[in-house]
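Let me begin by presenting the structure, written as structure tokens, before commenting on it.
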Amino acid sequence: MERVVSRENMVAAWQQVKANAGAGGVDRKTVDATHRHLVSHWPGIAEKLVAGTYRPGAVRAVTIPKPNGGERLLGIPNVQDRLIQQGLSQVLGEVFEPKMSEHSYGFRRGRSAHDAVAAARDHVLSGKRYVVDLDLKQFFDQVDHDILMEQVKREVTDKRVLRLIGQYLRAPMVQADGRREKRQRGTPQGGPLSPLLANIYLTSLDRELEARGIAFVRYADDIQLYIGSLRAAERLLASLSQWLQRHLKLEVNADKSGRGPSDGATLLGFRLHANGEIDLAPRSLERLKDEVRAQWDARCSLPLTERPQRWREYLTGWWGYFRFATCWRQVCGLSGWIRRHQRKYFWLRWHHPRGRLRALQRLGIQGRALGQAWSRRGAWRMARHPVLHTALPNARLSRWGFGLPWHSAA
DNA sequence: CTGCTCACGTT
RNA sequence: GAGAACGUGAGCAG
């Protein structure tokens with residue numbers, strides 16, 4: 001606990017909380033208001049923390065739409081509690097990080113979704129022709145407090161820390177209409193500590209799978225197993241459902257879970273192929289196209305007079321989308337729009353501090369030729385653009401005329 | 001190099 | 001009105 005309230009740890013935690021610039025919790029204090037409150041009250045709070053008498057506040061319930069149409073229930077702690085949780089998360093992270101599985105990729109420092117997909121690809125390439133998808137029903141809301149605390153106790157002995165974690169887990173949720181709801185299970189989605197707790201909770205599943213010698217990849221609550229035969233896949237799905245129910249009190253979603261051929265399986269927005277190629281999952285591609293179209297219209301209809309105020313926002317986003325659209329016009333069906341707005345594009349490009357320089361130096365000598373030069377020379381750079389790079393990291397790009405090597409199987 | 005800001009993606 | 005973690009890239013300032 002002393003480590004949590006240490007000066008270095010707390011300033012780091014505060015910077016993180018401030019950088020997120022999130023909304024207030026049930027006390028509706030903003031980040032700024034909390035800062036003013038803390039400069040005078042922090043010593044007292046720290047004292048309570050080391051004495052073990054601190055009491056966390058409730059969390060505010062908010063529902064936000066999920067990308068696929070559903071709703072996600074969030075529990076937003078007060079800014080002050082987010083700060084303390086962040087501080088806890090930082091020191092607990094150091095303790096638990098080395099104990100976690102190599103095959104767990106979500107929420108972990110230095111590990112990305114790309115790593116997870118690459119690992120999955122390697123499993124498929126190594127001859128596992130079937131895949132089992134495990135979808136846990138409402139995972140964050142189903143976490144069992146006692147089981148979780150048992151896991152935490154294996155590495156943490158400080159009673160004050162354990163107590164505090166327990167209280168954060170049990171913090172009641174205040175609905176929009178003011179009703180308070182006690183919680184017996186689950187960890188509030190929205191607390192800085194929750195991602196870490198989720199990983200601690202599921203580490204025992206990782207260990208069980210490793211003990212059984214199963215090839216798998218886990219990204220938070222998204223779990224995929226790679227199996228040699230369909231029969232074995234069926235068996236595993238059944239036996240693991242039971243194991244999860246028994247040891248972690250988790251239900252697997254029978255509708256969304258399943259088993260099938262690994263050729264064409266999707267993971268984290270990507271689609272895997274038996275030959276080791278990776279491309280965008282159909283769903284993600286659709287979402288991407290819709291987004292490009294929407295952004296395109298929105299940015300083009302924004303009057304130029306508003307541009308100066310929103311200069312950077314306007315350009316960084318719009319510019320990227322334009323490049324994407326130019327590149328993918330045949331996919332998105334955007335050629336009409338591009339033709340219509342090309343002049344405006346050149347104009348904006350010219351006024352971008354870096355774009356003007358680049359435009360002169362590397363691409364265009366004059367406006368008319370710019371479009372041509374762009375499509376020829378831009379292809380390679382296009383493939384490195386952030387939007388493309390995160391979304392489309394693979395050999396399949398060669399299909400559209402670009403070669404961006406996805407680092408090959410090591 | 002290290003501090004902030006601004007985009008995008010996954011859970 | 002919308003939280004958190006992680007990842008990537010860009011911009012700015014000493």
Side-chain angles (χ1 to χ4, degrees), chain A residues 11-13 15-26 28 31 59-68 71-79 81-83 85-86 88-90 92-93 97 100 104-118 135-136 138-140 168 173 176 187-199 202 217-224 266-270 280-281 283-285 287-288 291-292 295 299 310-321 323-324 352-355 358 381 383-393:
Chain A
V11 303
Q15 280 184 342
Q16 180 62 46
V17 171
K18 190 176 63 146
N20 286 335
V26 28
R28 309 256 56 181
V31 172
V59 297
R60 183 163 64 97
V62 168
T63 56
I64 60 171
K66 279 204 285 196
N68 62 28
E71 282 193 337
R72 170 182 251 107
L73 179 65
L74 301 179
I76 306 173
N78 296 333
V79 176
D81 285 316
R82 292 215 292 272
L83 170 70
Q85 283 195 40
Q86 177 66 30
L88 272 174
S89 169
Q90 281 165 190
L92 290 180
E97 192 63 23
M100 292 201 223
S104 154
Y105 292 89
F107 304 141
R108 292 187 60 186
R109 215 160 251 175
R111 288 162 169 256
S112 68
H114 286 172
D115 296 332
V117 174
D135 184 89
L136 303 177
Q138 299 284 300
F139 166 67
F140 278 89
Y168 274 127
M173 196 141 83
T187 163
Q189 288 190 67
L193 196 53
S194 294
L196 180 65
L197 294 179
N199 269 338
L202 286 180
V217 163
R218 181 170 76 77
Y219 194 96
D221 60 341
D222 206 345
I223 305 153
Q224 226 167 66
T266 65
L267 171 68
L268 302 173
F270 294 93
L280 263 194
R283 250 220 157 101
S284 300
L285 182 57
R287 215 184 300 150
L288 203 52
E291 188 60 22
V292 169
Q295 290 283 342
R299 314 253 167 181
R310 307 179 50 192
W311 183 259
R312 305 200 38 184
E313 179 198 348
Y314 189 76
L315 282 174
T316 49
W318 193 85
W319 202 27
Y321 278 110
R323 294 171 68 176
F324 175 85
H352 187 280
R354 214 173 59 129
R358 290 261 172 107
R381 292 181 46 216
R384 328 220 105 208
H385 187 274
V387 174
L388 280 176
H389 185 68
T390 54
L392 305 163

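All values reported here derive from a predicted model rather than from experimental measurement.
- Protein atom CG of A:Leu197 is 16 Å distant from nucleotide atom C1' of C:C6, rounded to whole Å.
- Atom CD of A:Glu97 is surrounded by more than 12 heavy atoms from other residues, nucleotides or ligands within 6.0 Å.
- Going from the P atom of B:dC6 to that of C:G3 covers 14 Å, rounded to whole Å.
- Atom pair A:Leu74:CG and C:A5:C1' shows a separation of 13 Å (rounding to whole Å applied).
- In terms of heavy atoms, A:Gly22 sits closest to A:Val31 at O-CG2, 3.7 Å.
- One can find a donor-acceptor pair under 3.5 Å joining the base of B:dT10 and the side-chain atoms of A:Tyr219.
- The distance between atom CG of A:Leu88 and atom P of C:A4, rounded to the nearest whole Å, is 16 Å.
- Checking the phosphate oxygens (OP1, OP2) of C:A5, a side-chain nitrogen or oxygen of A:Gln86 falls inside 4.0 Å.
- Between A:Pro195 and A:Pro192, the closest heavy-atom pair is CD-O, 3.4 Å.
- In this structure, A:Gln16 reaches the sugar-phosphate backbone alone: every heavy-atom distance under 4.0 Å involves primed, P, OP1 or OP2 atoms, never a base.
- Listed pair A:Arg82 / C:A4 meets the phosphate criterion, a side-chain N or O lying under 4.0 Å from OP1 or OP2.
- The heavy-atom pair separating A:Asn199 from A:Ser104 by the smallest distance is OD1-OG, 3.8 Å.
- Of the listed nucleotides (B:dT11, B:dT5, C:A2), C:A2 has the atom at the smallest distance from the side chain of A:Pro65.
- Residue-level contact check: A:Ile76 touches the backbone only, with heavy atoms under 4.0 Å from sugar-phosphate atoms and none from bases.
- For A:Gln224 and B:dT10, the CD to C1' distance is 14 Å, given to the nearest whole Å.
- A straight line from CG of A:Leu92 to P of C:A5 spans 14 Å, rounded to a whole angstrom.
- As judged by a 4.0 angstrom heavy-atom cut-off over every strand, A:Gly110 is placed among residues touching the sugar-phosphate backbone only.
- Residues A:Tyr105 and A:Gln189 both approach RNA chain C. Their nearest nucleotides, taken by heavy-atom distance, put A:Gln189 toward the 5′ side.
- A:Asp115 places its CG atom 14 Å from the C1' atom of B:dG9, with the value rounded to the nearest Å.
- Across all strands, A:Gly106 comes closer than 4.0 Å to no nucleic acid atom at all (heavy-atom distances).
- Using a 3.5 Å distance cut-off with no hydrogens or angles, the side chains of A:Asn20 and A:Arg82 do not pair a donor with an acceptor.
- In terms of phosphate contacts, A:Gln15 brings a side-chain nitrogen or oxygen within less than 4.0 Å of OP1 or OP2 of B:dC4.
- The shortest distance between the side-chain N/O atoms of A:Arg111 and the OP1/OP2 oxygens of C:C6 is not below 4.0 Å.
- For C:A5, one of the phosphate oxygens OP1 or OP2 lies less than 4.0 angstrom from a side-chain nitrogen or oxygen of A:Asn20.
- For the pair A:Lys18 NZ and C:A4 P, the interatomic distance rounds to 14 Å; values are reported in whole Å.
- Residue A:Arg72 has no polar side-chain atom (N or O) positioned under 4.0 Å from OP1 or OP2 of B:dT11.
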